[in-house]
Amino acid sequence: MSIEVALARLNEAQQQAVTTAAKQTLVLAGAGSGKTRVLVHRIAWCLSEGLASPTGVLGVTFTNKAAAEMRGRIEVLLGRPLGGMWVGTFHGIAHRLLRTHWREAHLPEQFQIMDAEDQQKVLKRVIRGLNLDNEQWPAKEAQWFINARKDEGQRPDQVDDGADPAIRTMIDIYRAYEEACARAGLVDFGELLLRGYELWRDNDDLLRRYRERFFHVLVDEFQDTNALQYKWLKLLVADQANFFVVGDDDQSIYSWRGAQVENMQRFRRDYPQHELIKLEQNYRSTATILDAANALIANNTGRLGKKLWTDGERGEAIRLYTAYNDVEEARYCVDRIRRFHAEGDRYADSAVLYRTSAQSRVMEDALRQADVPYRVHGGFKFYERAEIKDALAYLRLAMFRDADPAFERVINLPVRGIGNRTVDEIRLVARREKISLWAAAYRLIEHHELAARAANMVLAFLHLIDTLAARIAGLALDGVLETVIETSDLVAHYRKEKGDRGLDRIDNLNELVAAARDFEPDENETELPLVAAFLSHAALEAGEGQAGEFEDCVPLMTLHAAKGLEFTNVFMVGLEEGLFPHQRSSTDPGQLEEERRLCYVGLTRARRRLTLSHAESRRLHGADFYPQASRFLREVPRQLLEEVRVGGAALSGGARLIEETSGSGLFLGQRVMHRTFGEGIVLHLEGRGAHTRVQVNFEGGVKWLVVAYAGLAAL
DNA sequence: CGCAGCACCTTTTTT
DNA sequence: AGGTGCTGCG
């Protein structure tokens, strides 16, 4: 397709963004306004106008998925491969830089990427090594602290301790952790970015080379950038490159992991000559849904300001469902999903979104009961599974003996008689001598400092890894993994596990061999030996969860996971105070606004039908709660809503069943009035006739009453 | 050294 | 409620 034809299909604001002559551009792109489209067309336009060559383009996103989509769409639009263009995630690009310039970055050539789990284990070891109490200094908190500092671009020496001894200790842990990582050639996710930044900052020649190369820098989801990422971009862009960023301040939902919406304001200040373009026309949702979203988000302060509109139809009213409890809420959603399915929608067109992942369980139960296929998104990723990480740890160790987390992981797996005492001794020597665990193990044996039995076991383990390394040399990648699995004897180990769990694990190991067979390094990894590329890929891209991706099933996910997706029918469940907005966010106004943005993200996922629901009683952590309806429901204009309550004749199993047993004329979820307690909602019914007791949620609290004496009036 | 039982905690999650 | 991590025992 010629660029003219492609351009003609864009609306005016989109065209303006794509063809802008401004050196810096901030595109404020509302939900469903075609932001990826603009980004992709912008690149194509620059190339076709001769403003850029493919090698001069750097496109940055946050997730592998977004990067893959961007690459795919650029190729389709151009009708040819990317040809030297760099399109990837912040981490992927930093990784590529560090692999190329490992010397300048002061890293070993074989440096290994550590995921969050490895990081926590290393930290635990470091904390113990500092003789600090594990209770008082949990690895998790140290991890949080260190990652946050790295997100801000700070090394231990740059952190302000505020004369706080607790922070001072955290800094000590940070410093010791850095030493441990350096010794073992380990790089965590935050470190990739920080090193990448320092690499450019401290190597003038290198920075100049990249500045000369990248003349067009484009960033997606700019509102999600953290302080370090923005610093890194600014360093590269300086005043020579075209800087084109796309974002939506109303969809900033990741401040809790370091994202700074403020970067959008900063961009405006840092580049006063920039052009600001708003994309407000929405191509996704009905006018009703957009009205609701606009009204909701208008309650936030300090927005850049943006109002979505559509020239499409008004569409159906938004369904508001008040369930009497979480189980019944789920049942209602499933009923409706089945109805939509009967009317011709696919299951995959109806998504259920919730605030916390714990909420998926009730939904899953209801779907399973109704025999509706579903898929829970998020959660366990392929390369995060224990068995996969076990096998890869053997491979890591064979490739790179100093990889401490890999060493710790498999030294006694399968069980080979190397106990905690022995491992502790190895750890101690490693710490004292500032060497890797592998080297420490060797030293202990050479100096005969281990009991004869332990020494034999450890030596056997070291030999096993050496043997493995020798065996895999020269093999194809899938052969390498087959050999790893065989030599490690992991299959026999899992077979001993009771239940089907072990069999699942063995299946996954086979899948790992298959993944290796199909593995093709992406552009960031082509210069690496294949095995090393595979290991990096496994750490950097955890992969999708379970198989069966192509089956038609109902997607279940958290609101966070839903960002960037769209569905014909959206069910947002659990709209209750304390849950959404979440308890821990409801006191701080800033956090409350982020919850509201999360709600906004949810609403704007829906194309045609939107169902909002809340329950009057919910089981949480094993106890019953009686939450109020979410304030967000009140922020949606009433005239857009169609309210549905339990007890109507059309309603499902639960209500009917209870009515039959009570015979009192009351039903669950019914609104009732009591002389002294006021208005309330029926939560439970017990017994028959004169003995019927009823549990009612009044404003003042939950009460059990005998129907015959309570004098309840139905509302 | 391995297993069993108990205490603990519990927002969101990508790389 | 349910899963995880640690301790204490056999």
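Predicted model, so just to flag it, every value in this text is computed and none were measured. Every chain is numbered from 1, with letters handed out A, B, ... down the list of sequences.
- Using a 4.0 Å heavy-atom criterion, one finds that A:Ile418 contacts the sugar-phosphate atoms exclusively.
- In this structure, the side chains of A:Ile127 and A:Lys124 stay at 4.5 Å or more apart for every pair of heavy atoms.
- The phosphate of B:dC9 (OP1 or OP2) has no side-chain N or O of A:Lys140 nearer than 4.0 angstrom.
- Counting to the nearest Å, the C1' atom of B:dT10 and the CG atom of A:Leu579 are 13 Å from each other.
- Within the 4.0 Å cut-off from OP1 or OP2 of C:dC6, at least one side-chain nitrogen or oxygen of A:Lys124 is found.
- B:dT12 has A:Trp256 stacked on its base ring, the centres lying under 5.5 angstrom apart and the planes within 30 degrees of parallel.
- Both geometric conditions, a ring-centre gap below 5.5 Å and a plane tilt below 30°, are not fulfilled together for A:His560 over the base of B:dT12.
- Under the 6.0 Å distance and 45° angle rule, A:Arg596 does not count as a cation-pi partner of A:Tyr600.
- Rounded to an integer number of Å, the gap from OH of A:Tyr354 to P of B:dT10 is 20 Å.
- Contact between the side-chain N/O atoms of A:Asn64 and the OP1/OP2 oxygens of B:dT15 is found at a separation under 4.0 Å.
- Here the C1' atom of nucleotide C:dG2 and the CD atom of A:Gln359 are 16 Å apart, to the nearest Å.
- The side chain of A:Thr89 approaches B:dT15 more closely than any other nucleotide in the set C:dA1, B:dT15, B:dT11.
- Across all strands, A:Asp224 comes closer than 4.0 Å to no nucleic acid atom at all (heavy-atom distances).
- Residues A:His560 and A:Ile253 are in side-chain contact: their nearest non-hydrogen atoms beyond the backbone lie under 4.5 Å apart.
- Between A:Pro555 and A:Phe567, the closest side-chain pair of non-hydrogen atoms falls below 4.5 Å.
- Distances were taken from every side-chain heavy atom of A:Glu384 (C-beta onward) to each of B:dT13, C:dG3, B:dT15; the shortest belongs to B:dT15.
- A cation-pi contact, defined as under 6.0 Å to the ring centre and within 45° of the axis, is absent between A:Arg396 and A:Phe407.
- No more than 12 heavy atoms of other residues, nucleotides or ligands shown are found within 6.0 angstrom of CD on A:Gln369.
- Side-chain atoms of A:Thr558 lie closest to B:dT13 of the nucleotides C:dA1, B:dT15, B:dT13.
- When the nucleotides B:dT15, B:dG2, B:dT10 are ranked by their closest atom to the side chain of A:His91, B:dT15 comes out on top.
- Side chain of A:Gln591, nearest nucleotide from B:dG2, B:dT11, B:dT12: B:dT11.
- Between the P atom of B:dT15 and the CG atom of A:Asp151 lies a distance of 14 Å, rounded to the nearest Å.
- A straight line from CZ of A:Arg195 to P of B:dT15 spans 22 Å, rounded to a whole angstrom.
- Of all nucleotides listed (B:dT15, B:dT11, C:dG3), B:dT15 comes nearest to the side chain of A:Thr63.
- Of the candidate nucleotides B:dT15, B:dT11, B:dT14, B:dT15 has the atom lying nearest to any side-chain atom of A:Phe189.
- Projected onto DNA chain B by closest heavy-atom contact, A:Val415 and A:Asp115 fall at different nucleotides, the more 5' of which corresponds to A:Val415.
- When the P atom of B:dT14 is taken as reference, atom CH2 of A:Trp144 falls 19 Å away, rounded to whole Å.
- Across the protein-nucleic acid pair, A:Glu576 atom CD and B:dT11 atom P stand 17 Å apart, rounded to whole Å.
- Residue-to-nucleotide contacts include a donor-acceptor pair under 3.5 Å from the side chain of A:Arg355 to the base of B:dT12.
- At whole-Å resolution of the value, CE in A:Met557 and P in B:dT11 are 21 Å apart.
- Closest to the A:Ser357 side chain, of the nucleotides B:dT14, B:dG2, B:dT13, is B:dT13.
- Across all strands, A:Gly417 comes closer than 4.0 Å only to sugar-phosphate atoms, never to a base (heavy-atom distances).
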